[in-house]
Amino acid sequence: MNNPTVCVIIPYYNGSKYIERSASSVLAQTIAPNEFLVVDDGSSIEESEKLKYISEKLGFKVLRKENGGQGSARNFGVENTTSDFISFLDQDDFYLKNHIEILLSGIEKNDPHFGWVYADLAEAEADEDGNIIRWENITHHSRHPKRFISDLIGSDMHILPSASLINRVAFKSVGGFDPQFTGYEDDDLFLRMFRKGYKNYFIDQAVTVWCINNNSTSYSIKMSRSRLKYFKKLVRFFPDEPDKSRYYIKDLIFNRFNSQIIGEAFRSVCVSNTPQSKKMSQHKSELIDIANQYTKIMLNNKYLPLKIKIKIFF
């Protein structure tokens, strides 16, 4: 592709507080997107009206659908665009001015298996000002680019769609985001594209500002529910294979999820004075049930040593 085209898709749900900032960051790009679409995922009437007003003021397109979650909204946006490459943006984050320019430079034009290119993120406070806390984020948590299946299963990938440029062909080949997830849908998408034979490339430079918001899905019971669904999906698709000495569940999945799932259940019972702890304690029964479902699956794994099974409870 000599002149690749790019679309930007923002899923929107009752996010009028931040949408003008995120949309403005798309419109201020050094290389403008060929298409820019905001998908209203079943917001309230009031919030939809606010979005309509902002879209008319700034001049961007809005499509509305019934609420189905962020993955569903992103898929809907892709279906209503045609550009070669797809760039997503969460409603409370924003692009740096050269986001598209930098990611376009990372496209490997001679690689027929090119799937996506992604970059680092700056981290900011979740307020209207978006004050920067640090200019590097994902490089501190994991290694990049992703070349081994163990890096995609054994820990959070730290690949954000808001800092990626995805080949439409690769995205469509795996059916887009799995709409059952309201958390881990990003990891699931990139894992499936990787398994399908699409390669990824990393640019060690921030292109997006990620605003940590304690009221987001990442810090809610929705994330806990989705974590269990993703855990079950990984267990189903990556069973232990002793003949090949591949112990996906024993060596990777257990280490990734045990402390998170058991820890959340424990903290819901032993409530601290933090707002997050108090919020999650309201879902104590459900978090304990999630932990029990997880525990049952792990205890039934015949390759998990007894000493590790005992660790599940501690």
Side-chain angles (χ1 to χ4, degrees), residues 1 4-11 22 25-26 29-31 33 70-71 74-75 77-78 81 83-90 92-124 134-174 176-178 181 183-212 218:
M1 301 177 188
T5 54
V6 176
C7 67
V8 174
I9 298 166
I10 299 179
S22 59
S25 75
V26 176
Q29 287 296 295
T30 54
I31 295 180
Q70 184 165 256
R74 288 169 172 169
N75 289 343
V78 172
T81 55
S83 296
D84 303 317
F85 294 95
I86 307 160
S87 185
F88 297 101
L89 177 60
D90 291 348
D92 50 354
D93 298 335
F94 58 96
Y95 286 162
L96 294 174
K97 292 181 179 180
N98 52 355
H99 174 278
I100 293 176
E101 181 180 354
I102 290 174
L103 290 176
L104 279 173
S105 71
I107 295 176
E108 292 292 331
K109 297 180 180 179
N110 296 321
D111 184 356
H113 303 286
F114 176 84
W116 73 95
V117 58
Y118 67 107
D120 210 330
L121 303 101
E123 187 176 318
R134 58 179 174 177
W135 281 100
E136 295 180 352
N137 189 299
I138 67 174
T139 52
H140 288 287
H141 297 290
S142 55
R143 59 183 177 182
H144 306 277
K146 302 302 180 181
R147 292 290 181 260
F148 305 96
I149 193 68
S150 57
D151 291 335
L152 295 110
I153 298 175
S155 61
D156 291 348
M157 291 185 203
H158 299 105
I159 305 175
L160 272 72
S162 290
S164 305
L165 197 60
I166 304 172
N167 183 350
R168 177 179 292 270
V169 174
F171 183 90
K172 297 283 286 184
S173 73
V174 297
F177 290 97
D178 186 337
F181 297 123
Y184 292 92
E185 67 269 23
D186 303 344
D187 281 15
D188 176 69
L189 172 73
F190 293 118
L191 171 61
R192 286 184 287 118
M193 289 195 295
F194 182 96
R195 294 279 283 172
K196 193 77 172 179
Y198 290 99
K199 293 166 65 177
N200 61 95
Y201 297 85
F202 177 65
I203 298 174
D204 192 4
Q205 182 177 350
V207 296
T208 303
V209 179
W210 176 47
C211 300
I212 302 175
S218 299

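A donor-acceptor pair under 3.5 Å links the side-chain atoms of H99 to the main chain of S162, judged by distance alone. In terms of modelled atom types and a separation under 3.5 Å, the side chain of S25 and the main chain of Y95 share a donor-acceptor contact. With hydrogens and angles disregarded, no donor-acceptor distance shorter than 3.5 Å links the side chain of D156 to the backbone of H158. Side chain of D151 to backbone of K146: no donor-acceptor contact under 3.5 angstrom is found. A donor-acceptor contact shorter than 3.5 Å links the side chain of R192 to the backbone of G176. Distance alone, capped at 3.5 Å, is enough to place a donor-acceptor pair between the E185 side chain and the G183 backbone. Side chain of D186 to main chain of L160: no donor-acceptor pair is present (N/O by atom type, distance under 3.5 Å, no hydrogens or angles). Side chain of T5 to main chain of D84: a donor-acceptor pair is present (N/O by atom type, distance under 3.5 Å, no hydrogens or angles). Under the 3.5 Å distance criterion, the side-chain polar atoms of E136 are left unmatched by any main-chain donor or acceptor of D120.
You'll find the side chain of D90 reaches within 4.5 Å of the side chain of Q70, heavy atoms only. Between H113 and N167, every side-chain heavy-atom pair lies at or beyond the 4.5 Å cut-off. The closest side-chain heavy-atom distance from Y201 to D111 is below 4.5 Å. Inter-residue side-chain proximity for D188 and F181 is flagged as met; some heavy-atom pair is nearer than 4.5 Å. By the 4.5 Å heavy-atom criterion applied to side chains, L189 and F171 are counted as neighbours. Counting heavy atoms from C-beta outward, I149 and L191 have side chains that approach closer than 4.5 Å. Contact annotation: the side chain of I166 approaches that of M193 to within less than 4.5 Å [non-hydrogen atoms, C-beta and beyond]. Inter-residue side-chain proximity for V209 and L96 is flagged as met; some heavy-atom pair is nearer than 4.5 Å.
Note: Y118 and W116 have tilted aromatic rings, judged against thresholds of 30 and 60 degrees for the angle between ring planes.
Outside the 6.0 Å centre-distance limit, the rings of F114 and Y198 are not counted as a close aromatic pair.
Between N200 and R147, the shortest heavy-atom distance links the atoms O-NH1, 2.8 Å. Counting all heavy atoms, side chain and backbone alike, S155 lies closest to D187 at O-OD2, 4.5 Å. In terms of heavy atoms, E123 sits closest to N137 at OE1-ND2, 2.6 Å. V78 and I9 get closest at one heavy-atom pair: N-CD1, 3.4 Å. The shortest non-hydrogen separation linking S164 to I159 is OG-CG2, 3.8 Å. Residue A122 comes nearest to A206 through the heavy atom pair N-CB, 3.6 Å, listed as atom of the first residue, atom of the second, then distance.
Within the model, atoms OH of Y184 and CZ of F177 stand 16.0 Å from one another, a figure rounded to the nearest 0.5 Å. Distance check, rounded to the nearest 0.5 Å: CD1 of I102 to OG1 of T208 gives 9.0 Å. Here K172 contributes atom NZ and I86 contributes atom CD1; the two are 8.0 Å apart, rounded to the nearest 0.5 Å.
With sequence neighbours excluded, no residue forms a salt bridge (charged side-chain N to carboxylate O under 4.0 Å, His left out) with K196. Evaluation of the side chain to side chain donor-acceptor pair (under 3.5 Å) rule for T81 yields R168 as partners, not counting sequence neighbours.
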Please test T139 against F202 for side chain to side chain contact (heavy atoms under 4.5 Å, CB included), starting from the C-alpha separation and ending with a verdict.
CA-CA 10 Å; T139 52; F202 177 65; 3.7 Å; yes
Where do L103 and V6 land on the side chain to side chain contact (heavy atoms under 4.5 Å, CB included) test, with the steps shown first?
CA-CA 10 Å; L103 290 176; V6 176; over 6 Å; no
